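Nothing here was measured: the structure is a model prediction, and the numbers come from that model.
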Amino acid sequence: MAHGSRGTASAFRRPQAQELHANKLFKGRGQFCESPEQESAFSSRARAKAARIALGHLSEGSSFELVTIGAAERSPHTMYARFIAWLEDWATLHDTRVMIFYDGQHGIDETGTLDARERHELWERALRASGPYRDVHRSLELSTRRIVEDVIMQDSRYSQLIQAADLIAYGAYHKHRHKYPDVWGGSFQPSHAAIAAYMQTSAHWPADSDEGVHWLS
């Protein structure tokens, strides 16, 4: 992913530290380049290519399995608990240990301009936001759990892997909603650019998955 980020930065004169956020990238929103001229040149076609480059570099020459988890569930906290239960079973089956990084508030003063009270409030907000997810980890049986540590909250702006996960999840959603419109219902305009970027990872999908997605029953 680091090579992909450098590749898109070089090809499109995009700051390497600029976050590749799926919703902004594929919907033509957000400012990615350093000048208005460069931003104008970073067209929808260029943005689609940037996503393919990023996920293509992630997939090349790497040995890993990529699974996107889906379920008919509206509550993010309930969904997270179900995901953790599935991941515990997966880790037991593969006799391995797991750590989880989650895109969320980390409670750190990035500007260095906050006073002590404001830094404390920022930290407390982050703790409250992560509480329901942390509680799921604390409920695991210590003697048998395969997921080590509590969930680690990490702002996606500082993690290229979390940015990649965002691109992957967005692409998986668009691919499956486009493929199964009767299941999803409602009107929908799929992003073929997001689907094309997601397809870059297909070599890493489990053979028994639904095109990279495992649906929790």
Side-chain angles (χ1 to χ4, degrees), residues 1 4-5 8 12 14 18-32 39 42-60 62 64-90 93 100-104 132-133 136 151 156-157 159-217:
M1 182 65 178
S5 180
T8 61
F12 306 112
R14 177 189 64 82
Q18 179 69 44
E19 178 182 7
L20 288 176
H21 190 282
N23 198 42
K24 294 180 179 179
L25 193 67
F26 295 119
K27 291 188 176 182
R29 302 170 179 170
Q31 182 82 18
F32 286 93
E39 189 66 36
F42 194 35
S43 62
S44 296
R45 180 175 294 182
R47 291 177 182 223
K49 185 176 180 180
R52 294 196 303 274
I53 290 173
L55 294 187
H57 276 286
L58 175 67
S59 299
E60 288 178 0
S62 300
F64 63 90
E65 185 173 84
L66 176 64
V67 184
T68 301
I69 302 298
E73 179 59 63
R74 291 184 179 275
S75 167
H77 299 152
T78 302
M79 178 66 194
Y80 187 79
R82 295 177 64 186
F83 164 64
I84 291 298
W86 175 86
L87 191 58
E88 277 283 323
D89 290 342
W90 179 90
L93 179 65
I100 297 180
F101 292 82
Y102 192 95
D103 183 8
Y133 304 100
V136 175
V151 59
S156 60
R157 287 177 294 175
S159 172
Q160 292 177 344
L161 285 177
I162 291 180
Q163 291 175 38
D166 178 58
L167 295 176
I168 290 164
Y170 192 88
Y173 166 70
H174 277 257
K175 180 168 181 58
H176 283 78
R177 186 158 183 181
H178 178 56
K179 184 176 180 180
Y180 306 112
D182 294 339
V183 174
W184 291 89
S187 60
F188 180 69
Q189 182 62 45
S191 170
H192 295 288
I195 294 171
Y198 175 62
M199 294 301 297
Q200 298 294 312
T201 67
S202 61
H204 300 279
W205 300 346
D208 61 349
S209 69
D210 181 7
E211 295 186 290
V213 177
H214 175 79
W215 299 97
L216 301 179
S217 57

S.K.: Return the minimal non-hydrogen interatomic distance between Ala172 and Val213, and the atom names on each side.
M.R.: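 What the structure gives for the nearest pair is CB-CG2, 4.1 Å.
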S.K.: Closer than 3.5 angstrom, by distance alone: can the side chain of Ser59 be matched with the main-chain N or O of Gln200 as a donor-acceptor pair?
M.R.: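 Answer holds: yes.
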S.K.: For the CD1 atom of Ile168 and the CG atom of Leu55, what is their distance to the nearest 0.5 Å?
M.R.: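 Interatomic distance, Ile168 CD1 to Leu55 CG, rounded to 0.5 Å: 5.5 Å.
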S.K.: Within the side chain of His214, is there an N or O that forms a donor-acceptor pair under 3.5 Å with the backbone of Pro206?
M.R.: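 No, His214 side chain to Pro206 backbone: no donor-acceptor pair under 3.5 Å.
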S.K.: Less than 4.5 Å apart, any side-chain heavy atom of Met79 and any of Ile69?
M.R.: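 Of all side-chain heavy-atom pairs linking Ile69 with Met79, at least one is under 4.5 Å.
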S.K.: Decide yes or no on side-chain contact (heavy atoms from CB on, under 4.5 Å) for Phe26 and Leu167, but give the supporting numbers first.
M.R.: CA-CA 10 Å; Phe26 295 119; Leu167 295 176; 4.0 Å; yes
S.K.: What heavy-atom pair brings Ser217 and Arg82 nearest, and what distance separates the two atoms?
M.R.: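 Shortest heavy-atom separation between Ser217 and Arg82 comes out as O-NH2, 2.8 Å.
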S.K.: Could you report the tightest heavy-atom contact between Leu25 and Ala51, atom names first, then the distance?
M.R.: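 Here Leu25 and Ala51 meet closest at CD2-CB, 3.8 Å.
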S.K.: Got a sec, which residues hit ring-ring contact (aromatic ring centres under 6.0 Å, His included) with Phe64, two or more places apart in sequence or on another chain?
M.R.: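 For Phe64, the residues satisfying ring-ring contact (aromatic ring centres under 6.0 Å, His included) (neighbours in sequence not counted) are His204.
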S.K.: Tell me every residue that passes side-chain hydrogen bond (donor to acceptor under 3.5 Å, both in side chains) with Thr78, counting only those two or more places apart in sequence or in another chain.
M.R.: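 Per chain and number, Thr78 pairs via side-chain hydrogen bond (donor to acceptor under 3.5 Å, both in side chains) with Ser75.
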S.K.: Taking Arg52 for the side chain and Tyr198 for the main chain, is one N or O donor matched with an acceptor at less than 3.5 Å?
M.R.: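 No, Arg52 side chain to Tyr198 backbone: no donor-acceptor pair under 3.5 Å.
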S.K.: Between atom OH of Tyr133 and atom CD1 of Ile84, what is the distance when rounded to the nearest 0.5 Å?
M.R.: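 It is 11.0 Å, given to the nearest 0.5 Å.
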S.K.: Within this structure, what is the CG-NE2 distance for the pair Asp210 and His176, rounded to the nearest 0.5 Å?
M.R.: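 So the gap between those two atoms works out to 3.5 Å.
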S.K.: How are the rings of Phe188 and His174 set to each other: parallel, tilted or perpendicular (split at 30° and 60°)?
M.R.: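 Correct class here is tilted.
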S.K.: How long is the straight-line distance from CD of Glu211 back to NZ of Lys175, given to the nearest 0.5 Å?
M.R.: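 Going from the NZ atom of Lys175 to the CD atom of Glu211 covers 4.0 Å.
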S.K.: Can you give me the closest heavy-atom contact between Gln163 and Ser156, atom names plus distance?
M.R.: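 Minimum heavy-atom contact is NE2-O, 3.0 Å.
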S.K.: Can you label the angle between the Trp86 ring and the Phe83 ring as parallel, tilted or perpendicular, going by 30° and 60°?
M.R.: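 Parallel: the ring planes of Trp86 and Phe83 meet at under 30°.
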S.K.: Search all heavy atoms of Arg177 against all heavy atoms of Gly185 and return the closest pair with its distance.
M.R.: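 Result for this residue pair: NH2-O, 2.9 Å.
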S.K.: Restricting to non-hydrogen atoms, name the atom on Ala81 and the atom on Val136 that form the minimum distance, rounded to 0.1 Å.
M.R.: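 Taking Ala81 first and Val136 second, the nearest heavy atoms are CA-CG1, 3.9 Å.
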S.K.: Below 4.5 Å, heavy atoms only, C-beta onward: do Glu73 and Tyr80 meet side chain to side chain?
M.R.: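 Not in contact.
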S.K.: Quick one: CD1 on Ile195 to OH on Tyr170, what's the gap to the nearest 0.5 Å?
M.R.: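 If we round to the nearest 0.5 Å, Ile195:CD1 and Tyr170:OH are 10.0 Å apart.
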S.K.: When rounded to the nearest 0.5 angstrom, what distance separates OG in Ser191 from CZ in Arg47?
M.R.: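 Those atoms lie 12.0 Å apart.
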S.K.: Would you say CD of Gln189 has more than 12 non-hydrogen atoms from neighbouring residues, nucleotides or ligands within 6.0 angstrom?
M.R.: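 No, CD of Gln189 has 12 or fewer neighbouring heavy atoms, counting only those of other groups under 6.0 Å.
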